[in-house]
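Here the structure comes first, spelled out in structure tokens, and everything after it is commentary.
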Amino acid sequence: MTNPSIKVRFAPSPTGELHIGGARTALFNWLFAKKQGGKFFLRIEDTDPERSQEKYTDQILESLTWLGLHWDQPVVYQSQRLDVYKERVKALTESGQVYRCFCSKADLLTARDAGHYQYPGTCRNLTEDEIKLRLNQGIGFTMRLRMLEGKTTYKDLIYGDICVDHKELDDFIIVRSDGSPTYNFVVVIDDHDQDITHVIRGEDHVSNTPKQILIYKALGFTEPIFAHLPMILGHDKKRLSKRHGAPGVQNFRDDGYFPESLLSYLALLGWNPGTEKEVFSLDELVENFDLSQVQKKGAVWDEKKLHWISGQYVMNASTEFLLESVRSIHPDWGKGSAISFLISIIELLKVRAKSFTEFINQSEYFFHDPESYDKAGLKKWWKDESANERVSAFLPYCEKITNWRKEDLEIAFKSFAESNECGLGKIIMPIRMAVCGTPNGPSIFEILELLGRDKTIHRIETALDKLPG
RNA sequence: GGCCCGUUCGUCUAGUGGUUAGGACUCCAGGUUUUCAUCCUGGCAACAGGAGUUCGAUUCUCCUACGGGCUACCA
């Protein structure tokens, strides 16, 4: 089921970095396009000079690139299309579908406070003379769309039929008093000019869609197909925002998540293929994606599940790829160590790390002697001087090992435990504390093998000096 | 205030006019392990409420409640 003529777009406004909701909208557009062999475009909606900032544009582009959501044509900037919009306004004015409104912001506000939620139509039917008079007086004006009686219906790919009576829509503003066009107006022109076939965006636009359809009609354009995605919610079921501490996409990169993990989690938020599969590769996502299986209700953001999915990816990734990925975020990690050493570390840690930053944190003791010892670990495994005695007694065993390999190390530990009639843990755990500073981690035999005899003995002696005090 | 949309375990969700309402995350218990993680086993936990249609409704219809969105010279 391919359709190469399909064109979709992601159209963020650069008023902040790319957030979770935006990323998912972009993803669904992208998946929809890929699945059918269509095109995915990117457009920056920067018509609001007050809030738009170039640095955010750069960040958004960067985030999308990191996610791997590549776009098929040069980015379109609305701020560079102002002339196009002007032409359209002119045409609409000449045909009488748009008119000047001289009402001041203050007037409109007082009217609203008085309970009139809609524009009362004050300037709807001004005569030529009245308009000239106001123009001569230098009164600023906005342009409004003249709403006609009737109803507008459209078929939403996700929400089904949506019908709104024009009575509910007032003559909304399409050009501000400073001459800049508003969103609901330019979005139509851009989507038309870019030949967009499917407009896939957030549910917050459902109510805007009838207005936009009216613009399509006024301009004589054929409208695209619309699909609205449910919102992503915070734990209080309100739309996810910075208030919830929701991080931008950049943060996930910095925290060492695979883009694929984030994307996969995002995809399952509001969509699922109806199978019991939980972890998808990007290709599988593309293959399975279908708008008809998108949920209508908002979905609560759950960091824990993302964390779990991320763990799945890390666990299943190849060690070489992990090394490459860790290094791309933290170029200094393991600097000066042999690649084979780093590969071994990752091999040991990949089943325990959920992100690259966890690799960094958990691998500390492979590179540096512990500076402190985990308190809870000490309490359990190095309570008193008896631990010192045991660990000291173990040192000669270390000296005796001819092949410093995990197999021989294991034999040494076991024979120590046997001849001292203590459990294996009684000797392993204190050694672990001495060498790693923490009770948690991979097999001690593997750690010691990697560290080598000298470092091991050195760390044990240091610990004997410092502990238990 | 008006209009639009939504409502299955705490969360993401599957599903059907007749099911022990399924899976996943989380949480809990047990097993494996030197520890942690992994892995395995098991457990807790849901059809918002009320009418109607029907032999039978979680499923269809209506109402209510609750939640969300829009109602900007934001997008």
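None of the values given here were measured: they were computed from a predicted structure. Note on naming: letters A, B, ... go to the chains in the order of the sequence lines (proteins, then strands), and numbering restarts at 1 for each one.
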Do A:Y265 and A:W308 have ring centroids that are under 6.0 Å from one another? no

Can you check whether A:R112 has a side-chain N or O nearer than 4.0 Å to OP1 or OP2 of B:U71? no

Base of B:A24 paired with side chain of A:K305 (donor-acceptor, under 3.5 Å): yes

Side chain of A:K354 only, please: which of B:G68, B:C12, B:U38 is the nearest? B:U38

By nearest nucleotide on RNA chain B, pick out whichever of A:F141 and A:K238 is the more 5' one. A:K238

Base, sugar-phosphate alone, or nothing: which one does A:P442 contact when heavy atoms must sit under 4.0 Å apart? base

Report yes if a side-chain nitrogen or oxygen of A:R239 is closer than 4.0 Å to either non-bridging phosphate oxygen (OP1 or OP2) of B:C70; otherwise report no. yes

Under 4.0 Å, heavy atoms only, any strand: does A:K414 hit a base, just the sugar-phosphate, or nothing? nothing

A:N272 side chain near B:A14 phosphate (N/O to OP1/OP2, under 4.0 Å): yes

Side chain of A:K304 - closest among B:C12, B:C25, B:C73: B:C25

Base, sugar-phosphate, or nothing: which does A:N208 touch, judged by heavy atoms less than 4.0 Å apart? base

Over how many whole Å does the gap from A:L424 atom CG to B:U34 atom C1' extend? 6 Å

Comparing nearest nucleotides in RNA chain B, the 5'-proximal residue of the pair A:Y159, A:D204 is A:Y159

Of A:V8, A:V199, A:I200, which meets side chain to side chain contact (heavy atoms under 4.5 Å, CB included) against A:P224? A:V199

Indicate whether OP1 or OP2 belonging to B:G6 is found under 4.0 Å from a side-chain N or O atom of A:Q295. no

Can you find a side chain N or O atom of A:K237 that sits less than 4.0 Å from OP1 or OP2 on B:U11? yes

Check this for me: does the side-chain of A:R352 come within 3.5 Å of the base of B:U38 through a donor and an acceptor? no

Please check if the distance between the ring centroids of A:F394 and A:F413 is under 6.0 Å. yes

For the residue pair A:Y154 and A:Y216, is the inter-centroid distance of their aromatic rings smaller than 6.0 Å? no

Taking only the side-chain nitrogens and oxygens of A:T275, find out if one of them lies under 4.0 Å from OP1 or OP2 of B:G23. no

Would you say the ring centroid of A:Y183 lies under 6.0 angstrom from that of A:H205? yes

So for A:S443 and B:U34, does any side-chain atom that can act as donor or acceptor lie under 3.5 Å from a complementary atom in the base? yes

Hey, does the side-chain of A:S207 have a donor or acceptor N/O within less than 3.5 Å of a partner on the base of B:C4? no

Does A:Y117 stack onto the base of B:G1, taking stacking as ring centres under 5.5 Å apart and planes under 30° apart? yes

Base, sugar-phosphate or nothing for A:V351? Non-hydrogen atoms, less than 4.0 Å. base

